[in-house]
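Here's the structure, in structure tokens; my notes come after.
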Amino acid sequence: MFNNIILEDCQNLYHEPLVDWSRFKNSTVLITGACGMLPSYMIWMLIYLNEYQNFHIQIWALCRNAQRADEIFGEYMQRPYFQLLTADVTEEFCIDGELHYIIHAASPSGSQYFGTDPVGVIMPNVLGTRNTLELAREKSVQGYLYFSSGEVYGMLEKDVICEKDSGYLDPMEVRSCYAQSKRLGETLCKSYSHQYGVKASVVRPCHTYGPTVNLERDARVFSGFVSNVLRGEDLLIKSDGLAVRNFCYLYDAALAYFKVLLDGEAGEAYNVSNPDCQISIRGLAEILAGLYPEKGLKIIYANHDDVYLEDPNKKQSLISTEKLKRLSWSPKYSLEEGFRRTVESFR
């Protein structure tokens with residue numbers, strides 16, 4: 001069944017005039033990385049459109065772990081419109097019949113994987129992107145959305161970063177496996193758009209959070225904070241807490257993703273961030289602890305383990321969303337409200 005917070009988000013998203021949801025009626029949509037935080041949230045929106053608005057969308061959800069998919073989507077996997085495709089996106093696969101939209105979001109994004117499985121990080125962004133773009137070309141899809149990352153910017157000494165900026169990345173650093181492969185995935189999208197006319201657009205999410213985060217497997221700091229709050233534990237910071245990051249609640253982010261899928265310009269990239277939600281890790285911990293003062297939570301510090309490859313950028317530049325705003329998008333949720341909804345979704 002729907003999580004109450006997710007259902008409320010979906011209901012409110014449906015009434016957002018920014019997205020012409022009717023364009024999804026009677027369509028077929030493929031989503032890779034279906035068990036991930038961002039794509040699973042988008043799948044819930046498509047399920048909502050079917051269950052509550054009778055949109056008759058055929059959903060192809062590609063992932064490698066059928067058991068995990070069952071844990072997330074439960075009874076909805078038995079619906080005639082839901083097709084689970086258990087496959088590795090780095091290997092060629094087929095979709096029968098028409099296909100109207102592809103959302104390619106399969107990619108390990110946790111820093112713990114950068115040091116333990118860098119090859120496994122690279123391949124979905126390169127081979128997986130090639131495979132899904134070939135499918136988009138074959139099926140003449142109406143829209144293709146590639147999930148990139150703000151890490152493609154590398155090292156930049158700028159206060160505000162826009163989509164045309166590009167900084168230094170050392171290809172001989174293991175941690176570059178993620179950013180470098182995301183860059184190549186973007187170039188593939190641009191190339192398929194230019195050479196074959198594929199309507200491929202790119203989104204570059206910042207640090208996105210919300211009710212579909214996997215608290216057990218997600219090693220990112222905000223996930224740990226949410227787990228701490230739920231268990232009534234002091235909030236643990238495995239650094240000095242001074243690193244500054246850009247955050248965005250999933251509702252605002254998903255609204256941007258769907259908008260770019262439908263109306264984004266082919267061969268173009270769009271930052272997805274909330275300019276009002278830039279904060280240090282320490283500041284974020286203070287917000288989370290302050291949401292539930294009755295718990296009396298404190299902030300404690302500890303050294304991180306060796307498998308975590310920390311981002312060397314302490315002060316992250318503000319991510320410009322002016323390009324996305326030209327599509328009439330604007331975020332709604334503050335850090336306090338977004339994280340309160342995230343915590344409440346697990347309660």
Side-chain angles (χ1 to χ4, degrees), residues 1-16 18-19 31 33-49 61 63 68-69 71-74 76 103 105-110 145 147 149-150 203-230 235 245-261 271-279 281 284-285 287-288 291-292 319 321 324 329-347:
M1 295 297 292
F2 268 91
N3 171 298
N4 287 339
I5 296 293
I6 295 176
L7 178 58
E8 186 176 286
D9 280 358
C10 291
Q11 290 169 335
N12 291 333
L13 280 169
Y14 179 69
H15 290 98
E16 290 279 1
L18 180 69
V19 174
I31 306 97
C35 295
M37 177 176 64
L38 309 185
S40 65
Y41 190 92
M42 297 182 77
I43 290 174
W44 279 117
M45 185 60 197
L46 297 178
I47 291 174
Y48 169 83
L49 293 175
C63 68
R68 176 60 183 156
E71 292 171 359
I72 295 171
F73 302 111
Y76 296 105
I103 299 166
S107 173
S109 58
L145 186 66
F147 275 74
S149 167
V203 286
R204 295 172 179 166
C206 66
H207 294 266
T208 310
Y209 65 95
T212 51
V213 62
N214 186 339
L215 295 180
E216 294 180 1
R217 303 182 187 184
D218 195 311
R220 285 172 288 190
V221 65
F222 68 81
S223 176
F225 289 167
V226 171
S227 295
N228 293 150
V229 171
L230 288 167
L235 278 68
R245 297 293 177 257
N246 297 281
F247 289 91
C248 188
Y249 180 59
L250 256 172
Y251 177 100
D252 292 323
L255 189 64
Y257 305 154
F258 281 113
K259 181 63 175 178
V260 173
L261 174 64
N271 291 331
V272 182
S273 179
N274 187 335
D276 296 327
C277 293
Q278 187 185 59
I279 195 170
I281 300 304
L284 180 62
I287 284 178
L288 266 293
L291 288 178
Y292 300 93
I319 304 299
T321 55
L324 191 57
W329 176 88
S330 61
K332 295 177 171 57
Y333 282 93
S334 66
L335 277 168
E336 290 83 357
E337 182 59 20
F339 271 101
R340 184 183 297 278
R341 293 184 67 77
T342 301
V343 171
E344 292 302 317
S345 72
F346 289 97
R347 297 180 73 183

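When reading the values below, keep in mind they use all heavy atoms of this one structure, side chains included, and skip hydrogens, waters and symmetry mates.
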With [X], which residues qualify under side-chain contact (heavy atoms from CB on, under 4.5 Å), at least two apart?
X      : value
Asp276 : Asn274
Ser334 : Glu336, Glu337
Ser107 : Asn125, Tyr178, Lys182
Asn4   : none

*asked:* Using modelled atom types and a 3.5 Å cut-off, is there a donor and acceptor pairing between side-chain atoms of Asn246 and backbone atoms of Ser273?
replied: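 Not confirmed, Asn246 side chain does not pair with Ser273 backbone.
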Under the rule for side chain to side chain donor-acceptor pair (under 3.5 Å), what residues qualify as partners of [X], not counting sequence neighbours?
X      : value
Tyr48  : Gln53
Tyr257 : none
Glu8   : Arg341
Asn228 : Glu233

Point to revise | Partners passing salt bridge (charged side-chain N to carboxylate O under 4.0 Å, His left out) against Arg68 (at least two apart in sequence or in another chain) | key: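 Residues passing salt bridge (charged side-chain N to carboxylate O under 4.0 Å, His left out) with Arg68: Glu71.
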Asp218: salt bridge (charged side-chain N to carboxylate O under 4.0 Å, His left out) partners, not counting sequence neighbours
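For Asp218 the salt bridge (charged side-chain N to carboxylate O under 4.0 Å, His left out) partners, ignoring immediate neighbours, are Arg220.
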Ile103 side chain near Leu261 side chain, heavy-atom distance below 4.5 Å:
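Ile103 reaches Leu261 side chain to side chain.
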Test side-chain contact (heavy atoms from CB on, under 4.5 Å) on Tyr209 and Val226 and set out the steps. CA-CA 10 Å; Tyr209 65 95; Val226 171; over 6 Å; no
Practice task
For Tyr251, enumerate each residue passing the ring pair (Phe, Tyr, Trp, His ring centres under 6.0 Å) test, keeping only those at least two apart in sequence or located in another chain.
Solution key: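 Tyr251 satisfies ring pair (Phe, Tyr, Trp, His ring centres under 6.0 Å) with Tyr333 once adjacent residues are dropped.
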